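Here is the structure we will look at, set down as structure tokens.
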Amino acid sequence: MITKILIPIFGNDVSPRFDLSAEVYIATLDAHSQYLDTRIVVLPQISAEQLCHLILTENVNVVICGGIEDEYYQYLNWKRITVYDSVIGPWEAAISAYIAKNIQSGDILPNQKETDTHD
Amino acid sequence: MKKSAAIQGLFQTPVALEALIDEIPTGLLILDPERRIVTLNHALEALTGFLRTDVGGISCQSVLRSRLCFKQCPLLAMDKDAEACCKHSDIINKDRQLIPVRVTLAPVTDINGDIAGYIETVEDMRGIREPDAEFHQAFSYSKIIGKSPKMEKIFQMLPLIAQNDSSVLITGETGTGKDMLAEAIHETSSRAKGPFIKVNCGALPETLLESELFGHRKGAFTGAVENKTGRFRLAQNGTLYLTEIGDLPLALQVKLLTFLDDKIVYPLGSAKGVHVDVRVIAGTHRNLEQMVKAGHFREDLLFRLNVVRLHLPPIREREEDKRLLIDHFLNTFSSHFGKSIKGFTKNALKLLKAYPYPGNVRELRNIIEYSVNICQNSYIAADQLPAYMSEGLQENGRETEADSSAPQRQTAGTPAKAPHYTSNWPEMEKQMILDALFSSGGRRNKAAETLGWGRSTLWRKMKHYGIE
């Protein structure tokens with residue numbers, strides 16, 4: 001089964017805010033968690049609604065993000081999208097943690113202290 | 001999480017930093033120079049949902065998740081001399097709630113004056129914004145009352161004006177409530193947490209005023225034995241209200257103009273400017289346009305201040321508000337002085353409504369305060385109002401005391417003018433005679449009747465005042 005993962009990003013990190021993200025990382029994985037495609041999309045507008053729309057049109061299955069309002073969290077859940085929220089750390093560490101099936105909401109990922117940049 | 005830091009030298013024994021900051025009911029965040037979290041207090045843990053044991057060493061933006069982090073982090077522009085700054089923003093906590101907050105950020109310097117870190121306070125604004133409905137009751141805004149069209153227009157503009165940072169010029173006669181309006185703008189603006197500093201530009205001589213406003217350096221002039229922070233810097237993150245701006249000396253007008261342009265204050269005797277974040281509101285009872293024409297006020301300063309102009313009408317232009325104000329002040333002072341006054345007698349009310357109030361709302365307020373003070377019954381009578389009110393009106397055709405035809409007489413014939421009160425009795429009497437002659441079309445018999453005098457009295461007085 002193919003899985004599509006979307007991570008709103010801010011520099012090298014998972015964006016602290018879902019609604020204020022200007023860029024997203026989208027990865028497509030096959031059934032063996034091998035990368036089929038990866039890309040970074042710059043959003044035309046900063047808006048939680050637009051981002052939700054993108055998630056639905058791209059047929060994303062999993063969202064890994066920082067702070068997200070309950071309204072959008074519940075909406076994505078209702079659309080059967082798995083959301084791991086309040087994740088802190090580099091987005092590369094986040095996708096690795098997902099592939100390793102070692103991620104949950106509220107995780108503070110390793111190496112964050114070393115790799116964190118101040119944009 | 002590393003071991004709790006201890007504060008030494010403040011008390012007899014070392015005190016744990018966390019124990020100290022946990023007692024503060026406002027969210028508090030201490031950051032290192034790279035803006036990573038050193039510690040936070042219980043109040044911020046409760047607000048964000050993150051525990052300090054988990055987030056030590058993590059960047060501030062990842063935990064606070066404020067809108068400010070995405071726009072432009074104010075800490076990036078802070079150097080060691082920077083003043084604290086206060087910003088309104090919002091955060092999303094771990095419970096996925098969007099919370100409006102007020103963030104105050106300041107650098108922390110070590111004993112050598114170098115930046116050792118930063119301190120942030122984060123206040124939850126949910127409980128503060130809700131009582132807005134109570135704050136704006138019917139026919140009022142803050143403490144200002146009115147239902148006349150002119151006041152309604154001002155009330156409609158105020159919330160919009162309060163939300164931006166433009167300079168405001170408030171004009172209006174003495175006693176119309178310019179100071180209260182300035183305070184209301186401050187209280188409803190995003191600067192409400194900051195100070196509201198009022199400076200009367202007409203109260204101090206020029207040299208003192210310059211030092212008072214802009215501050216001075218030690219040794220700048222004889223007697224300047226210490227550095228002084230001026231009012232501009234005291235108003236940092238708040239509002240500076242310059243009352244009687246028309247009395248500001250020309251030399252200081254230039255300095256104020258410079259400040260309004262670049263927001264930098266140069267204290268007396270200092271070549272180094274200090275950037276301050278202050279909203280300027282100016283008020284005056286003078287006609288600044290006329291002062292510009294006469295060369296007493298700089299035109300360019302008027303243009304700078306005149307971004308938003310609010311004119312408070314005098315009472316004579318808001319007749320509808322008289323009764324509202326009278327009742328409001330009666331209720332206020334009755335409860336304040338613990339009296340159970342129900343109202344005014346018919347004559348007292350007639351007198352209060354007829355009086356022109358040259359001192360505007362302030363005079364009306366003082367009149368009601370006086371009458372509530374001396375009244376010992378349930379209703380305030382006409383003789384319990386200040387004597388000068390009835391004296392003026394009694395002479396003016398004895399129209400105040402139980403004479404129901406008086407208002408009709410005023411409105412009959414030529415357009416009725418409000419009684420014109422001047423500073424002394426002879427002038428007032430002369431004006432009354434002229435008004436009576438004008439309304440009677442020059443017929444002396446009718447004018448004498450209007451004034452309640454005999455024809456010979458009117459003739460004698462006309463001769464006395466040289467009225468042909």
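Chain letters run A, B, ... following the sequence lines, proteins first, then strands; residues in each count from 1. Source: prediction; values computed, not measured.
- A distance of 9.0 Å separates OH in A/Tyr72 from CD1 in B/Ile92, rounded to the nearest 0.5 Å.
- When each of A/Asp19, A/Leu20, A/Asp85, A/Asp70 is checked for heavy-atom pairs under 4.5 Å with chain B, A/Leu20 comes out on top.
- Residues A/Arg17 and B/Cys69 have side chains not in contact (no heavy-atom distance under 4.5 Å, counting atoms from C-beta outward).
- The neighbour count for B/His275 NE2, taken as heavy atoms of other residues, nucleotides or ligands under 6.0 Å away, is above 12.
- The residue among B/Asp95, B/Ile91, B/Asn93, B/Asp90 with the most heavy atom pairs within less than 4.5 Å of chain A is B/Asp90.
- The nearest pair of heavy atoms linking A/Gly66 to B/Arg65 is C-NH1, 3.7 Å.
- Around atom NZ of B/Lys94, more than 12 heavy atoms belonging to other residues, nucleotides or ligands sit under 6.0 Å away.
- Nearest heavy-atom pair, A/Asp13 versus B/Gln61, reported as atom, atom and distance to 0.1 Å: OD2-NE2, 4.3 Å.
- Counting heavy atoms from C-beta outward, B/Phe50 and A/Ile88 have side chains that approach closer than 4.5 Å.
- Here the OG atom belonging to A/Ser86 is positioned 7.0 Å from the CZ atom belonging to B/Arg96, to the nearest 0.5 angstrom.
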